[in-house]
Amino acid sequence: MNNMTAYQLRNTILDLLLRIEKDSGFSHLLIDNEMKSKRIAPKDEGLLTEVVYGTIQRKMTLDYYLDNFVKKNKKMDAWVRMLLRMSVYQMVYLDKVPDHAIIHEAVEIAKQRGHKGISSFVNGVLRNIQRHGVPDTKEITDDAKRLSIETSHPEWLVKRWMTMYDYETVKTMCEANLTRKPISIRIQPMKITREKAMRMLEDLGFETRASLFSEQGIIVEKGNILHTELFRKGYVTIQDQSSMLVAEMLEVEPGMKVLDACSAPGGKATHIAEKMQNEGQIHAYDLHKKKVRLIDEKAAQLNLTIIDANPGDARKLGELHEDASFDRILIDAPCSGLGVIRGKPEIKYHKKEEDIKRLAEIQLEILEHVAPLLKKDGLLIYSTCTVDTAENEKVVQNFLANQTDFQIDESFFGTLPNELKRAPGITRNGLQLFPEYDGTDGFFLTRLKKI
Ligand SMILES: C[S@@+](CC[C@H](N)C(=O)[O-])C[C@H]1O[C@@H](n2cnc3c(N)ncnc32)[C@H](O)[C@@H]1O
């Protein structure tokens, strides 16, 4: 592996940021690919991840700062603005590299990518910021606007959340979205115990702790799991703790017949298969044919054989399966993803309010079409990785309003892990996890019972 110079590393970071912006690419996937390419030395991985995530996470705040130092209507190529953003990010939020070195590297990059005029412009803006400091956002008097700029969330989104939750909850949530998400992993219990996996990781210098949400979960505080044999050989897989709650709460047993209606890439289907000790049947569907392969790959990696994955629209599964034929059903619905902003920060800039309305309609359609496939006394989990009540509470309420043979399974609340029994997001209709809570994603789940 060649060690990159600071200049090359900054150039790679700039390229990554531009790709993420241009292709609306998922930052975590592009960063993982970059790491896997082995071009980045382990000592540089931290800085790369920090600058890429940080610059995306704080894009609106950085633009607010820059607008104070750049003439209005100044035409700027996308790469110049991005170079300024990532440099200001490092100057304001990181203290790893001195400002003069950050400015020097930015000017070198500008010289190479552009011409002398651009490098002097970059130099001028950054030196001005170094001299005068960034403007104080406290001057913005409107709460929603200030929170929007300070935490870099679109104003419509902040306003929307303020209609759903009190200001302090929204503020905490937006601030949590600016922090790094701890990685959590799930052990494959047929291959290794949690204690052994934790011991092995700690021997390798990782810092770990046991998840309180799932007996299979481990939180990795420090260390890159992608580089370990444990990960490569399928002894563990990456999954957010909140997602692990789903298979825990589905209460499956070996031999059951289970439907996972929106299954790709198979994180929860494989967990359910593990809980069933790989005995029984899991019918897994996903609308997108290409993604079905991901379910098969994950199952193969974890040596799980009971998952039958196929393309299919959840709203048409009644054409393939008889009514009342499944013991358990999971609907992990397509959603706005507004609960996973911390791990995929670009989401907050791409979503629109109309998307949420349309998604809520699809979610209700899926629930209504899939529900008849559940046996009497069977359990159905509805989950999403969003904090938007229109996609969570409201969908469940609307579904129940037109049903006589389903109800919220009250015993669900009793079976939650103790730490969650009094979580702030518990309502009559389910559990809303917020991203600041024990490092999970923003996630909603509820359990319905067929009576
Ligand atoms: C939240 S993701 C599922 C994640 C998955 N359960 C896991 O744990 O890995 C939602 C999935 O629903 C799929 N999807 C969207 N519309 C669908 C539909 N009408 N029928 C079935 N799947 C759908 C999407 O392609 C996406 O993969």
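Whatever order the structure lists ligands and atoms in, that order sets their numbers, starting from 1. Please read all numbers here as calculations on a predicted model, not as lab measurements.
For the residue pair Glu436 and Thr172, no side-chain donor N or O sits within less than 3.5 Å of a side-chain acceptor on the partner. Judged by distance alone, the side chains of Arg180 and Thr49 never bring a donor and an acceptor atom under 3.5 Å apart.
Ranking protein heavy atoms by distance to atom 13 (C) of ligand 1, first place goes to Asp286 OD2, 3.2 Å. Nearest protein heavy-atom contact of atom 2 (S) of ligand 1 is Ala264 O, 3.9 Å. Looking at atom 6 (N) of ligand 1, its nearest protein heavy atom turns out to be Asp332 OD2, 2.7 Å. For atom 19 (N) of ligand 1, the closest non-hydrogen atom on the protein side is Asp313 OD1, 3.0 Å. Regarding atom 20 (N) of ligand 1, its nearest protein heavy-atom neighbour is Ala314 N, 2.8 Å. Considering only non-hydrogen protein atoms, atom 23 (C) of ligand 1 sits nearest to Leu287 CB, 3.5 Å. Of the protein's heavy atoms, Cys262 CB, 3.3 Å lies nearest to atom 12 (O) of ligand 1. The shortest contact between atom 9 (O) of ligand 1 and any protein heavy atom is with Gly267 N, 2.8 Å.
When Lys344, Arg342, Lys181 are each tested for a salt bridge (Lys or Arg N to Asp or Glu O under 4.0 Å) with Asp441, only one passes: Lys181. Just one residue in the list Asp260, Asp286, Asp332, Asp240 forms a salt bridge (Lys or Arg N to Asp or Glu O under 4.0 Å) with Lys268, and that residue is Asp332.
Between the Asp327 side chain and the Gly378 main chain, no donor and acceptor come within less than 3.5 Å of each other. Between the Thr386 side chain and the Ser336 main chain, no donor and acceptor come within less than 3.5 Å of each other. A donor-acceptor pair under 3.5 Å is formed between the side chain of Gln363 and the backbone N or O of Pro334.
For ligand 1, the atoms lying closer than 4.0 Å to a non-hydrogen atom of Arg315 are 19 (N). The ligand atoms of ligand 1 that sit less than 4.0 angstrom from a heavy atom of Gly312 are 20 (N), 21 (C). Residue contact check: Lys291 has heavy atoms under 4.0 Å from atoms 24 (C), 25 (O), 26 (C), 27 (O) of ligand 1. Close contacts between ligand 1 and Ala261 involve ligand atoms 21 (C), 22 (N) [criterion: under 4.0 Å to a heavy atom].
Close N/O approach between Gln239 and ligand 1 is not found [any backbone or side-chain N/O within under 3.5 Å]. Ligand 1 has a nitrogen or oxygen under 3.5 angstrom from a nitrogen or oxygen of Gly266. Taking any N or O of Asp260, backbone or side chain, none lies under 3.5 Å from an N or O belonging to ligand 1.
With contacts defined as side-chain heavy-atom distances shorter than 4.5 Å, the pair Leu373/Asp323 qualifies. In this structure, the side chains of Pro417 and Leu212 stay at 4.5 Å or more apart for every pair of heavy atoms.
Using cut-offs of 30° and 60° for the angle between ring planes, the His321 and Tyr285 rings count as perpendicular.
In Cys385, neither the side chain nor the backbone holds a heavy atom less than 4.0 Å from any atom of ligand 1. With a 4.0 Å heavy-atom cut-off, ligand 1 is reached by no atom of Ser243.
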Evaluation steps, salt bridge (charged side-chain N to carboxylate O under 4.0 Å, His left out), between Glu354 and Arg358: CA-CA 6 Å; Glu354 309 88 81; Arg358 177 73 195 117; over 6 Å; no
Test side chain to side chain contact (heavy atoms under 4.5 Å, CB included) applied to Leu147 and His153, step by step: CA-CA 8 Å; Leu147 197 53; His153 284 69; over 6 Å; no
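Ligand 1 lies less than 4.0 angstrom from a heavy atom belonging to Ala333. Not close to ligand 1: Ala269, with no non-hydrogen atom less than 4.0 angstrom away.
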